[in-house]
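Take a look at the structure below.
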Amino acid sequence: MAIKYTEEQLNNVDKSFLVQMFLNQQEEMAKATNQVELLTNEVQSLNKKMQTLMEQLVLSKKARFGQSSEKMEDAAQISFMEVNGTIVFFNEAEAVCDLSADEPEDLEPKPRGKKTSGKKDADMSGLPVNRINHYMTENELIAEFGENGWKQLPDAISKRYKFIPAKVIVTEHHVGVYASKKDGHMVKAEHPRGLLKGSPVSPSIAAAIMNGKYVNAVPLYKLEKEFERYGLAITRQNMANWMIRLGESYISVMYDYLHELIYDYHVIQADETPVPVNKEGRKAGSKSYMWVYRSGYMNPEKQIILYEYQLTRNASHPREFLKEFKGICVTDGYQVYHTLEKEKEDLTIAGCWVHMRLRFEQAWEVIPKEARKGTISYMAMKQIQAIYREEGKLKELHSKERLEQRQAIIKPLVDAFFVYLKQNQTEVSGSGKLHDAFTYALNQEKYLKVFLEDGEVPIDNNASERAIRGFCVGKKNWHMIDTINGAKTSAMIYSIAETAKANNLKPYDYFEHLLEEIPKHMEDTDRSFLKELLPWSDKLPKHVRK
């Protein structure tokens, strides 16, 4: 129980006692203050952890149950911002719209043209036609119209698809063998060389496996069952062995040639994705990586897409792959690319606006819908939207014209965006999604502005991410990922498949053509024959093109 003193008692107390009592009280107050500060700091720490957990929970629920693309419903305008003494208006109709318009995913050029009335005819125009006639006999016509009582009108034509299921036949090569009666020496008649010595594999069956596995993501065990239905006893082990040997012997020849050619491009794009490892002498759950390098999609005539399998994600791999490249490489914010830029004077790294935009979108999504309007994340999203809207208008322009428009229209918007971030940086707490978005954007500012200086550089890296998407679907079905050779070979075959698709070829027919032609030149020291096999060569057979 606390002791209480009266005024009279205190007047009679010795001064030294009062001083000691005051000091004790001061010490107790200091302890209490420290305790309060500790509790306050602990509460703030718990609040930050709670905020992070709530953000993760909201984003997790959206990823699981929400729509794939959320849109900002309110199209309220941003007023203006001053950049280097210039007023930049965001409230013009040309600058701001719903985020549903010109999303980043839609920025790649798409073929334009007038709609035709005969779409079905256009769809069937490249297919062979088997004409079947249905005409009335003369007796039937006389019975219907009388003698000479009719005239022939243009035929009524009805077109229908007919599907002819695949079938398998055996090509049996009988090769003449001749021997001399005098000295006994023997010769054989000229005959096509087999792809693999002692193997029944042919270009057509190999192309079918490559198309099924690397284009349609069908696992080998399902292909094995499918071949059984055609009477073929080809095991998944056979197929895996064929893919590795054919890839190393023939597909690698074209892969290496395309690798040399990609150095001639001014702009390329790069990305990587993890691959689960089952063996390779490492513990289960270890990760390797599939890297993808592709020519910039703003130069769509001659596309190259190359995969490379590596055990790690460190800088040595892109350093080796890009050692002869001089130009601009578009990537996400992964630090290894920035390290390479410091090492190579002739390499420039450009950033990806989609990666940056995603962070602001996540910060916006964790805010309750009724409170989103007017928030910092909302305003940032509206400005990014304005930049993408203007960039979307430049799809069909040539590089020089696109650069002029970017400098005149988009650069002020980009400058204003980063000014806005810097002005509001102090308003953002030290944790959470919005802080992450601000930190990423400001750290990447140099790289995110590179596209403003070159009309061939895309604003984002979506093209390389789409290029790697086919692999991400198919990697779940891999049988050969157990071995390094299998993974490296698969990377080469994926490369040819994706390059064929990017150049509007039919992958099956292109694989078959390569496997028919490349073996003919394996003894050649000159690789110039590969020019005629490139996906854009006018020497390719017509049936290879869509």
Side-chain angles (χ1 to χ4, degrees), residues 166-180 185-215 218 220-221 223-258 479-480 483 485-497 499-500 505-535 537 539-541 543-544:
K167 63 179 180 179
V168 180
I169 63 172
V170 175
T171 56
E172 191 174 79
H173 295 265
H174 288 252
V175 181
V177 182
Y178 308 92
S180 169
H185 81 275
M186 297 169 52
V187 296
K188 288 184 180 180
E190 288 190 8
H191 60 282
R193 166 180 166 177
L195 287 177
L196 301 174
K197 187 175 181 181
S199 171
V201 66
S202 67
S204 60
I205 198 72
I209 297 169
M210 291 176 179
N211 188 68
K213 179 173 173 56
Y214 298 98
V215 178
V218 180
L220 292 182
Y221 78 89
L223 288 176
E224 180 181 343
K225 296 298 181 183
E226 183 68 16
F227 285 133
E228 280 183 11
R229 287 186 274 272
Y230 292 110
L232 280 176
I234 304 177
T235 67
R236 67 196 80 175
Q237 289 77 19
N238 289 146
M239 290 185 274
N241 182 47
W242 290 349
M243 293 302 98
I244 292 174
R245 293 175 64 191
L246 293 173
E248 290 175 345
S249 300
Y250 307 117
I251 298 300
S252 63
V253 176
M254 177 57 75
Y255 178 90
D256 292 340
Y257 189 56
L258 291 172
H479 176 69
M480 292 182 291
T483 66
N485 285 343
K488 289 185 176 295
T489 303
S490 289
M492 291 189 289
I493 301 175
Y494 267 117
S495 300
I496 303 304
T499 298
L505 303 184
K506 292 182 280 187
Y508 167 82
D509 295 278
Y510 189 54
F511 278 127
E512 184 180 30
H513 185 61
L514 292 180
L515 292 173
E516 287 173 345
E517 296 300 318
I518 292 177
K520 298 176 183 177
H521 301 272
M522 294 308 292
E523 305 301 326
D524 296 0
T525 55
D526 181 10
R527 288 289 189 244
S528 60
F529 74 92
L530 290 169
K531 292 180 181 179
E532 297 185 356
L533 300 179
L534 288 170
S537 169
K539 302 293 185 181
L540 290 181
H543 72 272
V544 174

> Just by modelled atom types, is the Ala491 backbone N or O under 3.5 Å from a matching donor or acceptor in the Ser495 side chain?
Replying inline: yes
> Which is it for Ile234 and Ile205 under the side-chain contact (heavy atoms from CB on, under 4.5 Å) test, yes or no, and what are the steps along the way?
Replying inline: CA-CA 10 Å; Ile234 304 177; Ile205 198 72; 4.2 Å; yes
> Does the side chain of Thr499 reach to within under 4.5 Å of the side chain of Tyr510, using non-hydrogen atoms?
Replying inline: no
For residues 187-198, dump all side-chain donor-acceptor pairs below 3.5 Å to protein atoms at least two apart in sequence or in another chain.
residue: His191; atom: ND1; partner: Ala189; partner atom: O; Å: 2.9

> Are Leu514 and Met254 close enough, and set up right, to give a side-chain contact (heavy atoms from CB on, under 4.5 Å), and what steps lead you there?
Replying inline: CA-CA 8 Å; Leu514 292 180; Met254 177 57 75; 4.0 Å; yes
> Which value, rounded to the nearest 0.5 Å, describes the distance between Leu505 atom CG and His543 atom NE2?
Replying inline: 10.5 Å
> To the nearest 0.5 Å, what is the distance between CG (Leu515) and OG (Ser202)?
Replying inline: 9.0 Å
> Any idea which heavy atoms bring Tyr250 and Pro519 closest together, and the distance?
Replying inline: CE2-CG, 3.8 Å
>> Quick check: do Met210 and Ile496 have side-chain heavy atoms less than 4.5 Å from each other?
In response: no
For residues 520-527, please give each side-chain donor-acceptor pair under 3.5 Å, one per line with the distance, not counting sequence neighbours.
residue: Lys520; atom: NZ; partner: Glu517; partner atom: OE2; Å: 3.1
residue: His521; atom: ND1; partner: Asp524; partner atom: OD2; Å: 2.8
residue: Asp526; atom: OD1; partner: Ser528; partner atom: N; Å: 3.0
residue: Asp526; atom: OD1; partner: Ser528; partner atom: OG; Å: 3.4
residue: Asp526; atom: OD2; partner: Ser528; partner atom: OG; Å: 2.8
residue: Arg527; atom: NH1; partner: Asp524; partner atom: O; Å: 3.2

> Heavy-atom distance under 4.5 Å between the side chains of Phe511 and Pro203, does that happen here?
Replying inline: no
> At what distance, to the nearest 0.5 angstrom, does OG1 of Thr235 lie from OH of Tyr221?
Replying inline: 16.0 Å
>> So, using side-chain contact (heavy atoms from CB on, under 4.5 Å) as the criterion, who are the partners of Tyr230 when residues are at least two apart?
In response: Ala166, Val168, Glu226
> Would you say the side chain of Met243 lies within less than 4.5 Å of the side chain of Ile209, judging by non-hydrogen atoms?
Replying inline: yes
>> If I compare all heavy atoms of Pro507 with all of Asn211, which pair ends up nearest, and what's the gap?
In response: CB-OD1, 3.7 Å
> For the residue pair Met492 and Ile251, what are the closest heavy atoms and their distance?
Replying inline: O-CG2, 4.0 Å
> Got a second to check how far Leu223's CG is from Asn238's CG, nearest 0.5 Å?
Replying inline: 12.5 Å
> Between the side chain of Ser252 and the main-chain N/O of Tyr255, is any donor-acceptor distance below 3.5 Å?
Replying inline: no
> With a 4.5 Å heavy-atom cut-off, do Thr489 and Arg245 have their side chains touching?
Replying inline: no
> Out of curiosity, Leu534 CG to Lys539 NZ, how far, rounded to the nearest 0.5 Å?
Replying inline: 13.0 Å
> For the atom pair CD (Glu224) and CZ (Arg229), what is the distance rounded to the nearest 0.5 Å?
Replying inline: 11.0 Å
> Which heavy atom in Pro535 sits nearest to a heavy atom in Leu540, and how many Å separate them?
Replying inline: O-CD1, 3.5 Å
